[in-house]
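Values reported hereafter were calculated over all heavy atoms of this structure, with side chains retained and with hydrogens, waters and symmetry mates removed.
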Amino acid sequence: MNTKPRRGEFINSPPDGTTRVIIDTDPGVDDAIAILLALAAPGVEVVGLTTVGGNVPRARATRNALALLQAAERTDIPVAKGAARPLKGRYTPSVAFHGPGGLSVRLPEPAFPTSELSAIDFLETQISSARGNLTIVALGPLTNLARLERRQRGILKRCSGLVIMGGAVESRGNVTPTAEFNFHSDPVAASEVAGLDTPMVLVDLAACRQVGITREQARDLTSDSPLGSLALQILQGWFARDERRQSFEFYDPLAMALAVDPELATMRHLELAVCTEDGERYGESTVTAEPGPVAVADKVDSSRFFTLLGELLGWRGL
């Protein structure tokens, strides 16, 4: 049965108007921009970052998360180390896209430590004390979330909701013809999380491909804010590292933007399956029923997205 896409309705509204988020991340150029976007949003409280291997190894992802918060003068936000390996196999870093260090700019070595809690312990503690006002924005492989749910069944249902960047639903992949990087990095975790009975939105490659910027457009951008200037350095630095790069798609920033403004996209409510068997379909996400429990971003209001980006990061010239 086909259903008409509709807006919003994928996370519970925060009672006090403040969206409290934990960002599960493997920074990563687009992760970094998404993190800075969240820090700039006046209605968002970033409770913490949890790291996971993916774009870069876990150790580098953790270093990058600390360095970004230090550069943003937000060392009050804790960073908790998560999974170094997926539930099955090993992560393969995305060196071609993010480079060996993950970021396109050099940031000073962080001078503050990670949390004493592991990512799983940190997530469990925060969810337990949040009383339903906590959104998890997952920008990397879903290993941490799957491990948390395995430890305590049903805990993620106590969140306001999940916003996940991952998958290629009825669209081409970016690692294989059918699989997206995050899901391909840990399809077992993606399969388990996608099957949960908890409010969630999935921002897949088809949605992300609706919000791109060209090399020329990025070159002409300026910013009048410190966070926006750092985000712009990262974006322009990514183009500068390879003259063949002609466009940049805002994968993780779109997921973060939807956590800030759910009206940015219409949703298709689907039931999804993720292939966990070795072979050419490994990591592929397929629709098994419609409607279903996963709200998949469908038509993105790209104008509204870029307006939000400009407002929060002070970018001029979009």
Side-chain angles (χ1 to χ4, degrees), residues 1-12 24 26 52 54 83 86-89 135-150 153-157 159-210 249 251-252 254-256 258-259 262 264-300:
M1 178 177 70
N2 292 324
T3 58
K4 183 179 179 180
R6 55 187 187 271
R7 292 188 180 274
E9 300 181 8
F10 59 85
I11 57 175
N12 300 319
D24 192 57
D26 57 341
V52 63
L87 298 179
K88 173 184 176 182
T135 299
I136 298 176
V137 182
L139 306 179
L142 297 176
T143 316
N144 289 335
L145 301 192
R147 286 183 172 171
L148 174 64
E149 189 69 21
R150 284 184 174 189
R153 297 291 181 184
I155 187 170
L156 289 172
K157 193 174 182 179
C159 297
S160 307
L162 310 178
V163 182
I164 297 166
M165 192 279 123
V169 181
E170 299 177 338
S171 61
R172 71 183 188 279
N174 61 357
V175 177
T176 70
T178 59
E180 176 273 334
F181 177 82
N182 287 340
F183 276 24
H184 189 268
S185 294
D186 194 342
V188 176
S191 176
E192 293 181 8
V193 173
L196 295 176
D197 181 22
T198 190
M200 72 177 78
V201 63
L202 183 70
V203 182
D204 81 327
L205 290 181
C208 297
R209 287 171 177 143
Q210 298 175 51
E249 291 161 345
Y251 301 125
D252 293 337
L254 177 59
M256 186 61 66
L258 275 164
L264 277 173
T266 58
M267 300 290 151
R268 290 178 64 194
H269 293 260
L270 309 173
E271 180 180 293
L272 297 177
V274 181
C275 180
T276 60
E277 298 179 3
D278 292 335
E280 62 182 13
R281 295 184 58 240
Y282 190 69
E284 178 183 2
S285 46
T286 57
V287 179
T288 55
E290 185 174 0
V294 181
V296 179
D298 185 46
K299 182 174 177 53
V300 178

Spacing of Leu272 atom CG and Ser285 atom OG [to the nearest 0.5 Å]: 6.5 Å

Heavy-atom side-chain contact between Asn144 and Leu142 under 4.5 Å: no

Ion pair check, Lys157 and Asp197, cut-off under 4.0 Å: yes

Inter-residue atom distance Ile164.CD1 - Leu145.CG, 0.5 Å rounding: 6.5 Å

Asp252 side, atom CG; Asn182 side, atom CG - distance, nearest 0.5 Å: 7.0 Å

Any residue meeting salt bridge (charged side-chain N to carboxylate O under 4.0 Å, His left out) with Glu192, in chain and number order, not counting sequence neighbours: Arg150

Identified side chain to side chain donor-acceptor pair (under 3.5 Å) partner of Lys88 from the options Asp278, Asp186, Thr276: Asp278

Contacts of type salt bridge (charged side-chain N to carboxylate O under 4.0 Å, His left out), residue Glu271, not counting sequence neighbours: none

N-O pairing of Asp204 and Arg268 below 4.0 Å: no

Distance, nearest 0.5 Å, that separates CG of Leu156 from OG1 of Thr198: 6.0 Å

Met200 side, atom CE; Ser160 side, atom OG - distance, nearest 0.5 Å: 13.5 Å

Distance (rounded to the nearest 0.5 Å) between Thr176 OG1 and Arg281 CZ: 10.5 Å

Beyond-backbone contact of Val203 with Cys208, side-chain heavy atoms, under 4.5 angstrom: yes

